[in-house]
Asks: 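Take this structure first; my questions come after.
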Amino acid sequence: MTTAMTESDAVVTETAWAKINLTLHVTGRRPAGVAAAGYHELDSLIVFAGIGDELTFSPAEDLSLELAGPFASALEPCADNLVLSSARRLAELAGIAPRAAIRLTKRLPVAAGIGGGSADAAACLRGLSRLWRIAPDSAALERLALELGADVPVCLHGRACIVSGIGDVMEPAPPLPPAWLVLVNPRRPLATPAVFGARRGPFSRPDRWDRAPAGVGDLAARLAGARNDLEQAACELVPEIGTVLSALKETPGCLLARMSGSGATCFGLYETAAAAGGAAAMVRARRDAWWVEPAPMILDASAWAGRET
Ligand code: C5P
């Protein structure tokens with residue numbers, strides 16, 4: 001059941017945290033004639049990074065979207081923007097008119113494998129539910145999230161988890177130790193369908209952990225036994241990803257370097273903020289055209305919200 005109360009007068013703020021695939025195994029492909037035919041079955045350990053887009057939602061007479069931030073120009077403020085369609089679809093679900101002035105400060109690169117658009121859509125569902133004071137039925141909201149994109153459900157969930165199905169089945173991640181990440185994007189957008197289309201070879205098996213890692217070194221060792229099955233295909237499409245991975249691996253304290261999602265963003269894993277900060281400075285010095293950001297690994301975005309990043 002969907003309940004609607006009076007609209008909030010206050011401006012609502014949400015952060016769309018970057019989504020990081022610590023592992024990504026492609027385990028199969030949906031055959032023709034079933035739901036989401038042609039989509040790939042995944043098995044992926046997902047966490048979040050303490051960097052994201054900022055969204056504000058203000059009361060208004062109609063629906064509008066204003067873009068700001070370093071990556072605003074990469075997004076078209078057109079009608080099919082995922083944020084606007086999320087707003088319209090949520091209003092439809094609640095049986096109300098979609099009235100809000102949305103401001104999106106785009107800090108994450110676009111088409112980058114860290115779920116920027118999906119995290120924006122999820123933040124929009126959360127923020128507008130607060131602004132409009134609606135409490136959509138959680139199953140209906142999850143269905144809507146999946147219709148908006150395969151990564152939207154996990155971004156809405158906002159907690160470290162193992163995702164399977166086409167991105168719609170979530171189970172809690174094993175307990176993970178505190179860790180730091182350095183995100184590096186060569187500023188080359190990469191379309192997800194192209195990367196899935198270029199993937200070759202057999203499907204992987206799902207990866208399940210029999211015990212929690214004892215510390216960040218143990219986490220890195222465990223992750224090293226897994227993969228991102230899209231990394232090779234993405235490197236063929238954008239060879240600079242290989243250069244990004246080498247640059248991360250060469251930084252002191254880098255315990256693991258891997259691509260996230262369908263790329264091109266890669267992450268390095270570090271034990272401390274100091275190690276991640278030093279590594280980020282080193283990578284920036286090597287290639288100042290790249291987008292380079294150190295950030296803490298986040299296991300629960302709702303507990304993180306409001307903290308300094
Ligand atoms: O759902 P989303 O818009 O994020 O997916 C973009 C594209 O990525 C899909 O059209 C599909 O080609 C590919 N994809 C896939 N299997 C998934 C997720 C995405 O093949 N589980």
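Numbering of ligands and ligand atoms starts at 1, following listing order.
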Asks: Once the angle between the rings of Phe196 and His40 is folded into 0 to 90°, is it parallel (under 30°), tilted (30 to 60°) or perpendicular (over 60°)?
Replies: parallel

Asks: Strictly by modelled atom types, are Thr27 and Asp43 linked by a side-chain donor-acceptor pair under 3.5 Å?
Replies: no

Asks: Which of the atoms in ligand 1, numbered in the order shown and given with their element, are less than 4.0 Å from a heavy-atom of Leu42?
Replies: 21 (N)

Asks: Check whether any side-chain heavy atom of Leu131 lies under 4.5 Å from a side-chain heavy atom of Pro59, and answer yes or no.
Replies: yes

Asks: Which protein heavy atom lies closest to atom 5 (O) of ligand 1, and at what distance to 0.1 Å?
Replies: Tyr39 OH, 3.8 Å

Asks: Give a yes or no on whether Arg208 atom CZ has more than 12 heavy-atom contacts from other residues, nucleotides or ligands under 6.0 Å away.
Replies: yes

Asks: Would you mind listing which atoms of ligand 1 come within a distance below 4.0 Å of any non-hydrogen atom of Ala150?
Replies: 1 (O), 2 (P), 4 (O), 18 (C)

Asks: Check ligand 1 against Ile166 and write out every atom of the ligand that is under 4.0 Å from a heavy-atom position of the residue.
Replies: 21 (N)

Asks: Answer yes or no: are there more than 12 heavy-atom neighbours, outside Glu171 itself, under 6.0 Å from its atom CD?
Replies: yes

Asks: For atom 13 (C) of ligand 1, what is the nearest protein heavy atom, given as residue, atom name and distance?
Replies: Phe196 CD1, 3.5 Å

Asks: More than 12 heavy atoms of other residues, nucleotides or ligands under 6.0 Å from CD of Glu54: is that the case?
Replies: yes

Asks: Around atom 20 (O) of ligand 1, find the nearest protein heavy atom and jot down its residue, atom name and distance.
Replies: His40 ND1, 2.7 Å

Asks: Would you say Ile241 and Leu223 are hydrophobically clustered, going by side-chain heavy atoms of ILVMFWY under 4.5 Å?
Replies: no

Asks: Against heavy atoms of Gly149, which atoms of ligand 1 measure under 4.0 Å?
Replies: 1 (O)

Asks: Give the atoms of ligand 1, by number and element, whose distance to some non-hydrogen atom of Thr192 is under 4.0 Å.
Replies: 8 (O)

Asks: What's the shortest distance from atom 7 (C) of ligand 1 to any protein heavy atom, and which residue and atom give it?
Replies: Pro193 CG, 3.7 Å

